[in-house]
Amino acid sequence: MPVDMPVKQSVAGLLLDWYDGHARSLPWRTPPGAAARPDPYRVWLSEIMLQQTTVAAVGPYFAKFTGRWPTVKALAAADEAELMAAWAGLGYYARARNLIACARSVVRDHGGIFPATEAGLRALPGVGAYTAAAVAAIAFGERAVVVDANVERVVSRLFAIPDPLPGSRPRIRAHADTITPDVRAGDFAQAMMDLGATVCTARNPRCLLCPLADPCAARAEGAPDRYPVKPAKKVRPHRRGIAYWLEADGAVLLVRRPDKGMLGGMRALPGGDWADIAEAAPPVAAAWHMIGTVEHVFTHFSLSLDIHAVRLPGRPAADAVAAEWWPVALIEEAGLPTLYAHAAALGRAFSEVTPA
DNA sequence: TATCCGTGGTG
DNA sequence: TCACCAAGGAT
């Protein structure tokens with residue numbers, strides 16, 4: 001489909017022409033230039049899942065969620081524990097809590113219809129400046145300045161912005177505004193992200209394939225990957241912790257972590273928060289065995305989690321808050337975050353070779 | 001503004 | 001191998 005007249009051969013025109021032939025086909029998308037707009041619910045759900053998360057990782061989760069909860073009304077009526085378990089493994093679990101809160105707000109406050117404006121969307125839980133702009137543009141065709149990490153990279157290079165992130169963000173946004181067209185708002189936003197994901201990549205950008213190579217200032221300088229300029233990295237501290245695999249009668253004791261903080265709201269093995277290993281008291285007094293250590297890397301620290309296990313002939317009275325006995329054979333369905341899924345794998349191995 | 005918040009792929 | 005990175009938001 002030809003580009004609409006007003007954009008001509010501007011940056012937007014070059015980009016939209018490229019997008020018409022190179023758009024990625026994704027489950028939450030409509031083809032470039034399509035007359036029909038995509039379902040706002042699916043656009044919103046995909047945008048939440050894609051926050052700081054790769055397309056490849058999101059794929060199976062998007063299929064699972066849209067299959068189980070096809071509409072925002074269905075999602076609003078979902079069992080919260082079931083939804084959190086379905087999100088397990090995708091990370092950033094505050095997104096899952098906000099997902100329910102947002103769906104319920106849409107149903108309760110907006111009659112089950114997503115707000116069609118950037119400002120209306122921005123007021124929803126879990127919807128920030130980027131997501132509000134993206135949904136407004138993609139699902140409703142509103143001209144919005146959509147700035148994510150891809151756009152930051154493309155724009156920093158296109159204009160060779162010398163000052164480092166995050167201080168450069170106002171300038172980046174101002175430049176992004178100047179190249180955002182009045183037409184094909186959703187296609188333009190997705191084209192910028194596709195360009196950043198497949199051509200204008202963080203490392204080894206493919207300038208020979210880039211539709212914006214000609215106007216790109218960073219390419220003219222000869223070192224496009226020098227942009228965006230970033231601040232010096234910080235050292236990642238290391239912590240140690242303990243988790244307990246307490247098994248009895250074919251079931252293992254699980255707890256639910258507090259809503260705030262790491263892995264908030266998710267099921268876990270008992271064992272504390274890894275801040276002070278001395279406070280990680282076992283759930284019951286028993287002859288515990290150290291069966292292994294799980295190494296895990298989070299965004300701002302790494303962790304060595306020692307797994308202690310015991311198998312008792314009967315279930316003791318566990319005083320842990322919000323504790324539940326979960327069948328060992330069904331542990332895969334508990335929705336454990338990755339750290340505890342790895343710990344549970346050690347626990348099962350222990351279970352198979354240890355008599356009660 | 002700076003920090004916190006997961007995970008898996010990759011060059 | 002490992003530091004970097006990914007369609008950010010809340011506080």
Side-chain angles (χ1 to χ4, degrees), chain A residues 24 26-29 42-62 84 87-99 101-102 121-139 144 146-154 164-170 176 186 188-198 200-206 225 228 230-237 257-266 268 273-275 294-303 335-342:
Chain A
R24 290 177 292 176
L26 300 170
W28 46 86
R29 275 192 182 173
R42 293 167 63 87
V43 174
W44 162 75
L45 178 62
S46 71
E47 290 298 341
I48 301 298
M49 289 184 165
L50 286 162
Q51 289 169 6
Q52 297 290 286
T53 309
T54 58
V55 166
V58 165
Y61 285 86
F62 184 80
M84 296 299 288
W87 194 277
L90 199 55
Y92 284 136
Y93 298 99
R95 293 185 293 173
R97 297 194 300 276
N98 285 328
L99 196 75
C102 182
L121 290 159
R122 179 67 182 81
L124 295 170
V127 176
Y130 160 75
T131 303
V135 175
I138 297 168
V146 180
V147 183
D148 74 322
N150 287 302
V151 177
E152 284 183 353
R153 186 169 55 255
V154 171
L165 291 169
S168 57
R169 291 217 163 100
F188 178 78
Q190 293 175 101
M192 288 288 280
M193 293 187 272
D194 276 19
L195 189 74
T198 64
C200 194
T201 48
R203 286 172 290 188
N204 303 325
R206 299 166 174 83
D225 55 343
K230 297 198 173 181
K233 55 186 175 290
K234 296 195 285 191
V235 295
R236 195 197 321 264
R257 294 180 58 83
D259 277 340
K260 296 198 171 190
M262 291 289 297
L263 311 179
M266 301 299 289
D273 59 3
W274 334 308
V294 174
E295 302 290 345
H296 200 74
V297 179
F298 294 107
T299 301
H300 56 293
F301 66 93
S302 56
L303 175 69
L336 294 172
T338 299
L339 168 69
Y340 289 110
H342 289 334

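From a predicted model like this one, the values you see are computed outputs, not experimental measurements. Chain letters run A, B, ... following the sequence lines, proteins first and then strands; every chain starts at 1.
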Counting only distance, no hydrogens or angles, is the base of C:dG9 paired donor-acceptor with the side chain of A:T131 under 3.5 Å? no
Protein-nucleotide distance (A:K230, atom NZ; C:dC4, atom C1'), rounded to Å: 8 Å
How close or far is atom P of C:dG8 from atom OH of A:Y130, stated in whole angstroms? 6 Å
State, yes or no, whether a side-chain contact exists between A:V127 and A:V135 at a heavy-atom distance under 4.5 Å. no
Reading DNA chain B from 5' onward, which residue's closest nucleotide shows up sooner: A:K234 or A:L263? A:K234
Can a donor-acceptor pair under 3.5 Å be found between the side-chain atoms of A:R203 and the base atoms of C:dA6? no
Would you say B:dT7 has OP1 or OP2 under 4.0 Å from some side-chain N or O of A:T338? yes
Does B:dG6 have OP1 or OP2 under 4.0 Å away from a side-chain N or O of A:T53? no
Side chains of A:E152 and A:V147: does their closest heavy-atom pair fall under 4.5 Å? yes
Should A:K233 be listed as having a side-chain N or O under 4.0 Å from OP1 or OP2 of C:dC4? yes
Rounded distance (Å) that lies between atom C1' of C:dA7 and atom CG of A:L90: 13 Å
Per nearest nucleotide of DNA chain B, the residue lying toward the 5' end, A:P166 or A:M262, is A:P166
Reckon A:A56 touches a base, only the sugar-phosphate, or nothing at all at heavy-atom distances under 4.0 Å? nothing
Residues A:F298, A:H296; criterion ring pair (Phe, Tyr, Trp, His ring centres under 6.0 Å); working and verdict: CA-CA 7 Å; A:F298 294 107; A:H296 200 74; 4.8 Å; yes
Can a side-chain donor-acceptor contact be found between A:N98 and A:R95 if the only test is distance below 3.5 angstrom? no
If you pin A:P125 and A:R153 to their nearest nucleotides in DNA chain C, which one's is more 5'? A:R153
Quick one: is A:Y92 getting a side-chain N or O under 4.0 Å of the B:dC4 phosphate, OP1 or OP2? no
Determine: side-chain N/O of A:H296 to OP1/OP2 of B:dT7, distance under 4.0 Å, yes or no. yes
Can a donor-acceptor pair under 3.5 Å be found between the side-chain atoms of A:T54 and the base atoms of B:dG8? no
Nearest-angstrom distance from the residue atom CD of A:Q52 to P of C:dA6: 8 Å
Grab the CG-P distance between A:D259 and B:dC5 for me, whole Å please. 14 Å
Mind checking whether A:R24 and A:Q190 have side chains closer than 4.5 Å, heavy atoms only? no
Protein-nucleotide distance (A:N98, atom CG; C:dT11, atom P), rounded to Å: 8 Å
Sugar-phosphate only, base, or nothing, as touched by A:A57 at under 4.0 Å among non-hydrogen atoms: nothing
With a non-hydrogen cut-off below 4.0 angstrom, is A:W87 in contact with a base, only sugar-phosphate, or nothing? nothing
Answer yes or no: is there a side-chain heavy-atom contact under 4.5 Å between A:Y130 and A:E47? yes
Given the C1' atoms of C:dA7 and B:dA2, what is the spacing between them in whole Å? 23 Å
Looking at C:dG8, I'd like to know if its phosphate oxygens (OP1 or OP2) sit under 4.0 Å from a side-chain N or O belonging to A:Q51. no
Please determine whether a side-chain nitrogen or oxygen atom of A:H300 lies at a distance below 4.0 Å from atom OP1 or OP2 of B:dC4. no
Residue-phosphate contact under 4.0 Å: A:R169 side-chain N/O, B:dT1 OP1/OP2: no
Which value, in whole Å, describes the distance between the C1' atoms of nucleotides C:dT11 and B:dT1? 11 Å
Quick one: A:R95 CZ to C:dG8 C1', roughly how many Å, whole number? 9 Å
Describe the nucleic acid contact of A:G196 in one word from base, sugar-phosphate, nothing, applying a heavy-atom distance below 4.0 Å. nothing
